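Right, one structure below, let's go through it.
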Amino acid sequence: MSSQVREWNIRMHPSEAVASADEREAILANPGFGRFFTDHMVSATWTHEHGWHDAELIPYGPIQLDPATNFMHYGQAIFEGLKAYRHADGSVKTFRPVANAERFAASARRLAMAELPIELFLASVEALVRQDQAWVPSGQEKSLYLRPFMLGTEVGLGVRPAAEYRYLLIASPAGAYFPQGVKPVSVWLSDEYVRAAVGGTGEAKCAGNYAASLIAQAEAAQHGCDQVVWLDAAERTWIEEMGGMNLYFVFGSGDSAQIVTPELTGSLLPGITRSSLLQVAEDLGIRATQARISVQDWRQGCLEGQITEVFACGTAAVITPVGEVKSRNSGGWKINGGTTGPITLKLRQALLDIQTGVAEDPHNWLHHIC
Ligand code: PLP
Ligand code: COI
């Protein structure tokens, strides 16, 4: 056990009824995304009086809550998403967990919640992944998806920051996020609904952002699109994100290809995959910048050939190509003839190779667990 686990004294109460090896292997053969959960979870509680305490690993299972628990009414609920990868030598590593811990703390601040210390976040990840390490699948498109989350658990209907919080960490074996695998998605430009406005909660990973996004995702589906693309709230002009992923635009091709991602204006989620790709691209000799990109820039760029590829990125799906755009006011257009481009594939492979230990890890992004 690492010093961090000891420091936070995560009490271990392992389950006496874990899945059998056969049950587990059947699940790991085709895990999908977010459908199955490992044998354990970690829980910790915060109160004014005691701060963070009762950090423990317990069997995975239902939790009991009073109906007046305030997050159920006023939405103090935040989460994170990160992955543990099985390397060829059998070891298990997570990718940039400190960045997730820092973003979790930033989300807590925005929602006026107690901040979980970075060390406790890491200790919880280490304790759960070590305990449930048999659940980390092998193979480049497979991983163990970790879902830390925190809820305001004070009982009462007063509208104020809760005086009590519950932190939980669960884990779910994951295959491809999109059932079709790495295949270009079609996107609908959402001009009616917005995801977030500057000054709102767009930078935070809070549950409410996802609830607010569902109707726009349904509208995208009605227009025959796989995903929604968010525009800025004020002008409905600037490209922000795609569903639950950040976006990248590839300008030019071959040795002169450059990539550009929408700059962080305050309403976008600062993705860890996004920030990693800025670095991975530079390492591959591909210039990477952050800038504002309008709907018109996107359309014109594709029609005139400057924009050669577009892709979305996030922990769950890594990199997903965008093949087609549809919109109410600007018509529709294809990107790279609706096919996956070479820069998209190159960056995807380069990032996956680091995460899965096939390539060097020059920036020390991997965190060894066991
Ligand atoms: N944007 C949104 C709205 C998200 O939910 C996510 C997923 O976490 C991302 C972007 C990508 O972030 P990351 O790369 O840290 O997973
Ligand atoms: C991502 O990791 O890219 C996500 O958006 C997570 C999603 C399941 C909320």
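Remember, it's 1-based here, ligands and their atoms both numbered in the order they're listed. Bear in mind that the values here come from a model prediction, so they are computed numbers and not experimental data. Any value given below was found using the heavy atoms of this structure, including those in side chains, with hydrogens, waters and symmetry copies removed.
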Under 4.0 Å to a heavy atom of Gly314 - the qualifying atoms of ligand 2, by number: 3 (O)
Atom CD1 of Ile215: over 12 foreign heavy atoms under 6.0 Å: no
Protein heavy-atom partner closest to atom 14 (O) of ligand 1 - residue, atom, separation in Å: Thr273 OG1, 2.6 Å
Those atoms of ligand 2 less than 4.0 Å from some heavy atom in Tyr145: 6 (C)
Residue-ligand contact Arg103/ligand 1, heavy atom below 4.0 Å: yes
Ligand-residue contact atoms, ligand 1 with Glu241, heavy atoms, under 4.0 Å: 1 (N), 2 (C), 3 (C), 10 (C)
CD/Glu360: more than 12 non-hydrogen atoms of other groups inside 6.0 Å: no
Leu82-Leu366 co-clustered via ILVMFWY side chain contacts under 4.5 Å: no
Ligand-side contact atoms (ligand 1) for residue partner Asn246, heavy atom cut-off under 4.0 Å: 10 (C), 11 (C)
Shared hydrophobic cluster for Val280 and Ile319 (ILVMFWY, side-chain gaps under 4.5 Å): yes
Centroid-centroid distance, Trp298 to Phe249, less than 6.0 Å: yes
Under 4.0 Å to a heavy atom of Gly271 - the qualifying atoms of ligand 1, by number: 12 (O), 13 (P), 14 (O), 15 (O)
Subset of ligand 1 atoms that lie under 4.0 Å from at least one heavy atom of Arg195: 3 (C)
For atom 16 (O) of ligand 1, the protein heavy atom that lies nearest, with its residue and separation: Thr315 OG1, 2.6 Å
Atom 5 (O) of ligand 1: nearest protein contact (heavy atom, Å): Tyr210 OH, 2.4 Å
Intermediate values then yes/no, salt bridge (Lys or Arg N to Asp or Glu O under 4.0 Å), Glu141 and Arg348: CA-CA 11 Å; Glu141 297 291 335; Arg348 188 174 200 280; 2.8 Å; yes
Identity and distance of the protein heavy atom lying nearest atom 7 (C) of ligand 1: Lys205 NZ, 3.1 Å
Thr315 neighbourhood, listing ligand 2 atoms whose heavy-atom distance to it stays under 4.0 Å: 1 (C), 2 (O), 3 (O)
is_close_aromatic(His48, Trp46), centroid dist under 6.0 Å: yes
Main-chain N/O of Gln133 paired to Arg86 side chain as donor or acceptor, under 3.5 Å: yes
For Gly244, atoms of ligand 2 separated by under 4.0 Å from a heavy atom: 1 (C), 3 (O), 4 (C), 5 (O)
Element-labelled atoms of ligand 2 that are located less than 4.0 Å from some non-hydrogen atom of Ala316: 1 (C), 2 (O), 3 (O)
Worked verdict on Glu241 versus Arg274 for salt bridge (Lys or Arg N to Asp or Glu O under 4.0 Å): CA-CA 11 Å; Glu241 305 188 57; Arg274 173 189 181 280; over 6 Å; no
Closest protein heavy atom to atom 4 (C) of ligand 1, given as residue, atom name and distance to 0.1 Å: Gly244 O, 3.0 Å
Protein heavy atom at shortest distance from atom 7 (C) of ligand 2: Tyr177 OH, 4.1 Å
CZ/Arg35: more than 12 non-hydrogen atoms of other groups inside 6.0 Å: yes
Nitrogen or oxygen atoms of Ile272 and ligand 1 under 3.5 Å apart: yes
